[in-house]
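In what follows, a single structure is set out as structure tokens and then discussed.
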2 protein chains.
Amino acid sequence: MSDQSIQRDLKKGSAELLILSLLEAGPRHGYEISKLIETRSSGAVSFRVASLYPLLYRLEDRGLLQGRWVEKTGQRRRRYYRLTPAGRKMLVQRRLGWTAFVEAIRDITETEYA
Amino acid sequence: MSDQSIQRDLKKGSAELLILSLLEAGPRHGYEISKLIETRSSGAVSFRVASLYPLLYRLEDRGLLQGRWVEKTGQRRRRYYRLTPAGRKMLVQRRLGWTAFVEAIRDITETEYA
DNA sequence: GGACATATATCGTTTAACAATATATGTCGA
DNA sequence: TCGACATATATTGTTAAACGATATATGTCC
């Protein structure tokens, strides 16, 4: 397992939390979400389009997001997503789950020599 | 994506860190590692045997662990694994990578209303 | 008009955790 | 003695999420 695939696997469980969090403050479109993830993490984390767009579709299918096409002159068409009430509830759950998981990893991995 | 599969995916990138960490202090066998993960995390994290044993084989194949069969009367045979020098180096990398990842997630997801 | 950022779409590949199942031994109580 | 349970390792096939690659299309800037 390369460092790269570790990074890939690390992302698997956290992607949903990332998207929901970024939509908490208001609607955003896919490309914007992608760039936010990169810039806020200083490049440490990024999602490829072949991961991000299907993830948005899944979240919409599950009723956590609602998408809306917006077309303006001088811009490519964009699909803006906003959190549904169910999405907000799930965000709360995902934050709790992530915190608990990080704590569990710390409990397991902290050195015994400390 | 169910809560259960999220938990599954969360584990994907962290399993290697867990194993390497638990072998830092000395050799352990697979079943022991499995129980340690459960007890130290108070049941929050556990790996099934169909995940754990193949992972140990992969780590040994990659030269990060070295396994040794130990048979004692009054006990089932056990395979004890210890960290190789390469495994210790990898452990350092995995700790750094995990910390960086957790920080990145925090940077991306922290609420904008704070 | 050429390079690059913006913006979305999708096929096929990879791979790690797991459910299920199997084998085998030791312990403890009824 | 027999059944239940913990200990201990092994393996087959399934599932699902990120990604590489590729595609389409528009806006900007030199």
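Residue numbers start from 1 in every chain, and the chains themselves are labelled A, B, ... in the order their sequence lines are given, proteins ahead of strands. All values reported here derive from a predicted model rather than from experimental measurement.
Between B:Ala50 and A:His29, the residue whose closest nucleotide on DNA chain C is further toward the 5' end is A:His29. Of the residues near DNA chain D, A:Asp9 and A:Gln75, the one whose nearest nucleotide (by heavy atom distance) lies more toward the 5' end is A:Asp9.
Sorted by first and then second residue, the salt bridge (charged side-chain N to carboxylate O under 4.0 Å, His left out) pairs with a member in residues 99-108 of chain B form an empty list; sequence neighbours excluded.
Checking the phosphate oxygens (OP1, OP2) of C:dT8, a side-chain nitrogen or oxygen of A:Tyr53 falls inside 4.0 Å. For the OP1/OP2 pair of C:dA17 and a distance below 4.0 Å, the side-chain nitrogens and oxygens of A:Lys12 include no atom meeting the criterion. Under 4.0 angstrom from either OP1 or OP2 of C:dA16 there lies no side-chain N or O belonging to B:Ser51.
For A:Lys11, there are no salt bridge (charged side-chain N to carboxylate O under 4.0 Å, His left out) partners two or more places apart in sequence or in a different chain. Taking A:Glu32 as the reference, A:Arg28 meet the salt bridge (charged side-chain N to carboxylate O under 4.0 Å, His left out) condition, with sequence neighbours excluded. Here B:Ser46 pairs with B:Glu38, B:Arg48 under the side-chain contact (heavy atoms from CB on, under 4.5 Å) rule; sequence neighbours left out. Applying the ring-ring contact (aromatic ring centres under 6.0 Å, His included) rule to A:Tyr80 yields the partners A:His29; only residues at least two apart in sequence or on another chain are considered. Partners of A:Arg95 by side-chain hydrogen bond (donor to acceptor under 3.5 Å, both in side chains), not counting sequence neighbours, listed by chain and number: A:Glu24. Listed by chain and residue number, A:Tyr31, A:Val49, A:Leu56, A:Tyr57 satisfy the side-chain contact (heavy atoms from CB on, under 4.5 Å) test with A:Tyr53 (two or more places apart in sequence, or in another chain). A:Asp3 is linked by a salt bridge (charged side-chain N to carboxylate O under 4.0 Å, His left out) to B:Arg94, counting only residues two or more places apart in sequence or in another chain.
Contact check of residues 56-71 of chain B against DNA chain C (heavy atom, cut-off under 4.0 Å) returns B:Arg58. A heavy atom lying under 4.0 Å from DNA chain D marks the following residues of residues 76-84 of chain B, by number: B:Arg76, B:Arg77, B:Arg78, B:Arg79.
The nearest whole Å value for the distance from the NZ atom in A:Lys72 to the P atom in C:dT8 is 13 Å. Rounded to whole Å, atom P of C:dC18 lies 11 Å from atom CD of B:Glu38. Rounded to an integer number of Å, the gap from CD of B:Glu16 to C1' of C:dT15 is 13 Å. The distance between atom CZ of A:Arg8 and atom P of C:dT14, rounded to the nearest whole Å, is 10 Å. The distance from atom NZ of A:Lys11 to atom P of C:dA16 is 15 Å, rounded to the nearest whole Å. One interatomic measurement links the two molecules: CD of A:Gln7 to P of C:dT15, which rounds to 16 Å at whole-angstrom precision. Across the protein-nucleic acid pair, B:Leu17 atom CG and C:dA17 atom P stand 12 Å apart, rounded to whole Å.
How far CZ of A:Arg88 is from CG of A:Leu20: 10.0 Å, rounded to the nearest 0.5 Å.
Between chain A and DNA chain D, the heavy-atom contact criterion of under 4.0 Å yields a 5' to 3' nucleotide range of D:dA17 to D:dG27.
The shortest side-chain heavy-atom distance between B:Trp98 and A:Val102 falls under the 4.5 Å cut-off. Taking 4.5 Å as the limit, every side-chain heavy atom of B:Asp9 sits out of range of all side-chain heavy atoms of A:Asp9.
Residue contacts shown for A:Arg48 are limited to sugar-phosphate atoms, with no base heavy atom under 4.0 Å away.
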Considering only distance and modelled atom types, tabulate donor-acceptor pairs under 3.5 Å from the side chains of residues 60-69 of chain B, sequence neighbours left out.
{"from": "B:Glu60", "atom 1": "OE1", "to": "B:Arg79", "atom 2": "NH2", "distance (Å)": "3.4"}
{"from": "B:Glu60", "atom 1": "OE2", "to": "B:Gly67", "atom 2": "N", "distance (Å)": "3.0"}
{"from": "B:Glu60", "atom 1": "OE2", "to": "B:Arg79", "atom 2": "NH2", "distance (Å)": "2.9"}
{"from": "B:Arg62", "atom 1": "NH1", "to": "B:Glu16", "atom 2": "OE1", "distance (Å)": "3.2"}
{"from": "B:Arg62", "atom 1": "NH2", "to": "A:Met1", "atom 2": "O", "distance (Å)": "3.1"}
{"from": "B:Arg62", "atom 1": "NH2", "to": "B:Glu16", "atom 2": "OE2", "distance (Å)": "3.4"}
{"from": "B:Gln66", "atom 1": "OE1", "to": "B:Arg82", "atom 2": "NH2", "distance (Å)": "2.6"}

